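Shown next, in structure tokens, is the structure this report addresses.
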Amino acid sequence: MLTGGRRYVSSPPAFSNDAKRLLVCAGSSVSIFSTATGLQVTSLEGHKAAVTAVIVVPTSSPSTKMLCYCWTASLDGTIRYWDFSVPELIKTIDIKYPIHSMVIPSLSVQPTDTNDQRKLFAYVSTEETKDQENQSKALRGQIRKCNLTDSRLVGGVTLAETRQPEFITISPSGQYVGIRIKRKVRMWKVPVADSERAVIKKITLHHTKNLTALAFHPFQRIVAAGDMTGRILIWRGFGNRTFTAVDGLVSKRSVVIDDDRPGVRGNDDADSCTTWHWHPAEIKILSFSSDGAYLYSGGKEGVLVVWQLDTGKKKFLPRIGSPLIYFRDSPDPTLSSVSCADNQIHLLKMPTMEIMKTIAGVKPPCSSPEICEGLRGGVAFDHNAGIAALRTENYCIQLYSLFDDLGISEVQVCERNHQPGDEVTVVVTLVVLSPDGSLMSTAEVKLAEEGLGGLVCLKFWVSGSQNKEFSLSTIVYEPHRDANISAIAFHPTRRMAVSSSYGGDFKVWTCNIDSQHKGQLLLNSGWSCHACGSYRKKPMTAATFSPDGSVLAVAAETVITLWDPDKNILMTVIGETLMPIGSLSFVGKSEYLVSASMGPQSQLSVWSMSKLSMSWSYKLHVEAVASMAESSCFAALVLLPESDNETTNERRDGVILLFNAADPVPTATWLVKKAKGGFLSFMQVNKSSSDGNTVNEKSTRELLVYMDCDHEYALFDPYGKEGNELGVIQRDGLPDLEEAAKFGYSSVYGQLPEFGLKRNQTLLVPSVPPERSWETLFEGSSHNLPSLTKLCSAFLESLLEKRTAAAAME
């Protein structure tokens, strides 16, 4: 089983002591990347929930830089100690509370020697879980002290209680730790000789706006904070006055929470306060340089700013293209890293701030306006190459290798300067790849301003290389007048595509190919409209080609129209469904067609092309459908009813059903979480022998890929080891087969799982051909009516039946 798509920027990363590796929190594991190549070299596996902190143990001398030890903390309530050069787990501490942040001041005060016998303490930001006695407690977050040497929490020591868990910031010297709570900065001075009963003094600073970032100077009593308006405040000489609290050993019963009344900076415990303002939006990054001469800042606008602390002069690293989240210095003064909201970590050459390498994770889904709701074109798959094409926020399509868990390239769909925080004016609504992966089509919508200026564009792209570098071939403005495009599909073997629209028509497009270049597209080759069609002016909501390309199926709202794509002749009409059809898919090389309709009475239907009727159907809310290429099986991603989403099944809101198209009983199921907005697809790979050698290039197997709404994915064999038992996708959206027994489901069902559908339920009535053929005689296009002989025969038959019925009534 292959998994990937994890977020690399959920927590701050950490450099190794030799700066040759970067440790990144990636879901429930820690991924370790080479700073020279930007590629992953190993990972630390063992946590059962998201890792929220990774701290590398520093060394006391240059000769011990090769020592590779680190501490990690997780939402599973454990703290773990690792040798990440092996990698090997050395120690586990279970404090039984989810840990949202952790710092270890002793590691910063003095580099730890391997023979150091002093006790080690950590300060953790924990959360009261729902299964605790006081479930209705308003203050869920706590800052607590943990004895790492004795593997336990220090009893009776709670530095603060907060409404929610807060991120802890530590000074480079290890003397101070602090948090920001709304308009206040709370800091604690950690004694050099830390012990369980050491007095920890508290300092409070005030501001008039909510604070969003915090940083300590490496060796002076200077603290910087950023607020939601983009201002930077620098307090100098804090802690010179009498401390505001002298009792650091506060029990849980005696904690006093500061109220929300806004303070004024004149009452702060600091000698002076300086304000800088350049950023137009909230600040997310604040970090002092290792020598203390500069301050780094960044935020939503995606610009890294370097301030000279003494003069206030600044220089910039602009156009990073995404909001900044974390900045980290390394032991090597010429290397730093900046983490961005688009799941990218850039390695910077200092002090020039040149981007040397990028750790490119899968980009998160774009937050599209209402115009994109209901469209299912956010992800496209190259079934042979194992590549996913994903829409991103900056008007790009990211090409991502699912097998390598690595970003390959990006295609700039809309050429314009984009800065994070800009008002969205253009939306890429659809992306589709051809079966062989050499062609791509995108649809974009320029949003109208006050009802004026809306524009729909259809673009065709061509790739002539193995690295998926697509080049623009053709742009079609307003392909369906002013109507939005509902679906795009490529012909399986030819340079042909179809686009359907909500305006009530579809168009077939063909590409001109130079006959002297067999099977090779020229970059200047153009696409032109070959034919167009419509059916009773109904919105065309979905389209697909049959596996051999001889039939084009287009959904006209609630019915399915079948066309000859070459002659543009309507062959027949089948249906109809209760709600508009949102997707169509032919099942491999079988005679079956699968449709999924959306709405209050959503429906999954399987149609027989030989009988031109519905074979079976279920009332299910289907998010995605994927069909195997070489068999008659397909998989459907179904949302579970809300009533079935109980506390024990929290966040598992969907199930994958694997069907043989001829049988309404699923052959296997997998529970999943984050299914709303998820995707399914089958990938073809060559079968290999036990020693890893390819048996036969023509012998392939198909793996099922599930990608959730956050673009995390799992790739597994539905008929292999993973398919023989129930898979529960629960950790970070990825399959966890060990949890199968907890739910009591088997892989082959005599009835559907307990989400409201039983095998013996009454299926929707299939639309079999009626004996009274005249009732459907005039359905379809007017240019495709039956012959006069058949027409008159049917008409006389209907007339005779009506007269017979009238006589019987008399």
Side-chain angles (χ1 to χ4, degrees), residues 371-381 429-435 441-443 445 456 458 479-480 483-492 496-509 531-547 549 551-563 565 570-587 592-599 601-607 609 612 614 617-618 620-627 634-638 661 677-681 767:
I371 189 173
C372 297
E373 292 184 1
L375 292 178
R376 303 186 180 189
V379 178
F381 296 93
T429 57
L430 293 172
V431 55
V432 179
L433 293 175
S434 63
S441 181
T442 59
V445 177
V456 179
L458 175 66
H480 301 275
N484 290 330
I485 299 174
S486 60
I488 305 172
F490 280 100
H491 193 280
M496 178 183 286
V498 60
S499 63
S500 59
S501 77
Y502 295 108
D505 67 339
F506 70 88
K507 289 186 178 181
V508 179
W509 308 86
C532 60
S534 63
Y535 180 76
R536 296 184 177 179
K537 298 182 180 180
K538 290 187 175 183
M540 297 299 194
T541 55
T544 186
F545 285 95
S546 62
V551 177
L552 170 63
V554 184
E557 206 166 31
T558 59
V559 300
I560 302 174
T561 62
L562 302 179
W563 301 75
L570 177 64
M571 297 185 293
T572 188
V573 179
I574 60 176
E576 82 190 272
T577 59
L578 300 175
M579 302 298 297
I581 296 172
S583 67
L584 288 173
S585 176
F586 281 93
V587 183
Y592 295 102
L593 173 67
V594 179
S595 69
S597 57
M598 305 299 295
Q601 301 185 58
S602 52
Q603 182 178 344
L604 174 68
S605 305
V606 175
W607 308 84
M609 294 294 97
L612 297 179
M614 183 187 295
S617 178
Y618 284 113
L620 296 172
H621 187 110
V622 180
E623 281 292 300
V625 175
S627 300
F634 72 93
L637 176 62
V638 177
F679 303 90
L680 285 180
S681 182
S767 59

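Side-chain atoms are counted along with the backbone in the values below, which use heavy atoms only and exclude waters and symmetry mates. As the structure is a prediction and not an experimental result, all values here were calculated from the model.
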- Knowing that exactly one of V606, I581, V622 qualifies, which makes a side chain to side chain contact (heavy atoms under 4.5 Å, CB included) with S595? I581

- Item | Under 3.5 Å: donor-acceptor pair, side chain of S602, backbone of L620 | yes

- Task: Could you tell me whether the side chain of S441 and the main chain of V432 form a donor-acceptor pair under 3.5 Å?
- Result: no

- Message: Could you tell me if T561 and W563 have a donor-acceptor pair between their side chains, going purely by distance under 3.5 Å?
- Response: yes

- With side chain to side chain contact (heavy atoms under 4.5 Å, CB included) as the test, would you mind laying out the steps for N484 and V445 before giving the verdict? CA-CA 8 Å; N484 290 330; V445 177; 3.9 Å; yes

- Please report the shortest heavy-atom distance between P435 and F490, naming the atom on each side. CD-CB, 3.9 Å

- Message: Quick check: closest heavy atoms across A487 and A542, and the distance to 0.1 Å?
- Response: CB-CA, 4.0 Å

- Query: Going through the checks in order, is the side chain to side chain donor-acceptor pair (under 3.5 Å) test met by S585 and S627?
  - Reply: CA-CA 7 Å; S585 176; S627 300; 2.9 Å; yes

- Message: Assess the residue pair Y502 and H480 against the criterion (side chain to side chain contact (heavy atoms under 4.5 Å, CB included)); give the C-alpha distance rounded to whole Å, side-chain angles, the decisive distance to 0.1 Å, and a yes or no.
- Response: CA-CA 9 Å; Y502 295 108; H480 301 275; over 6 Å; no

- For A661 and F634, the nearest pair of non-hydrogen atoms, with its separation, is CA-CE2, 4.0 Å

- Query: What's the verdict on side chain to side chain contact (heavy atoms under 4.5 Å, CB included) for L458 and W509, showing C-alpha distance, side-chain angles and the deciding distance?
  - Reply: CA-CA 11 Å; L458 175 66; W509 308 86; 3.8 Å; yes

- Query: Can you name the closest pair of heavy atoms from S597 and M579 and give their distance?
  - Reply: CB-O, 3.3 Å

- Between M609 and L562, is a side chain to side chain contact (heavy atoms under 4.5 Å, CB included) present by the stated rule, with each step listed? CA-CA 10 Å; M609 294 294 97; L562 302 179; 3.9 Å; yes

- In terms of heavy-atom contacts, P492 and S546 come closest through CG-O, 3.5 Å

- Just how far is it from atom OG of S499 to atom CG of D505, taken to the nearest 0.5 Å? 8.0 Å

- Message: I want to check something: taking the side chain as every heavy atom from C-beta on, are T429 and I485 in contact at a cut-off of under 4.5 Å?
- Response: no

- Message: So, taking the atom named NZ in K507 and the one named CD1 in I488, what distance separates them when rounded to the nearest 0.5 Å?
- Response: 13.0 Å

- Query: Just how far is it from atom CD1 of I560 to atom CG of L584, taken to the nearest 0.5 Å?
  - Reply: 5.0 Å

- Note on the structure: OG of S605 to CD1 of I574, rounded to nearest 0.5 Å, is 10.0 Å

- Message: Could you check whether any side-chain N or O of E557 sits under 3.5 Å from a backbone N or O of P580, counting only pairs where one atom can act as donor and the other as acceptor?
- Response: no

- Query: Once you round to the nearest 0.5 Å, how far does CE of M598 lie from CD of E623?
  - Reply: 5.5 Å

- Message: Can you give me the closest heavy-atom contact between W607 and T577, atom names plus distance?
- Response: CZ2-CG2, 3.7 Å

- Message: Distance check, rounded to the nearest 0.5 Å: F381 atom CZ versus L680 atom CG?
- Response: 8.0 Å

- Quick check: does any side chain N or O of S617 sit under 3.5 Å from a backbone N or O of L604, one acting as donor and the other as acceptor? yes

- Task: Test T541 against S486 for side chain to side chain donor-acceptor pair (under 3.5 Å), laying out the working first.
- Result: CA-CA 5 Å; T541 55; S486 60; over 6 Å; no

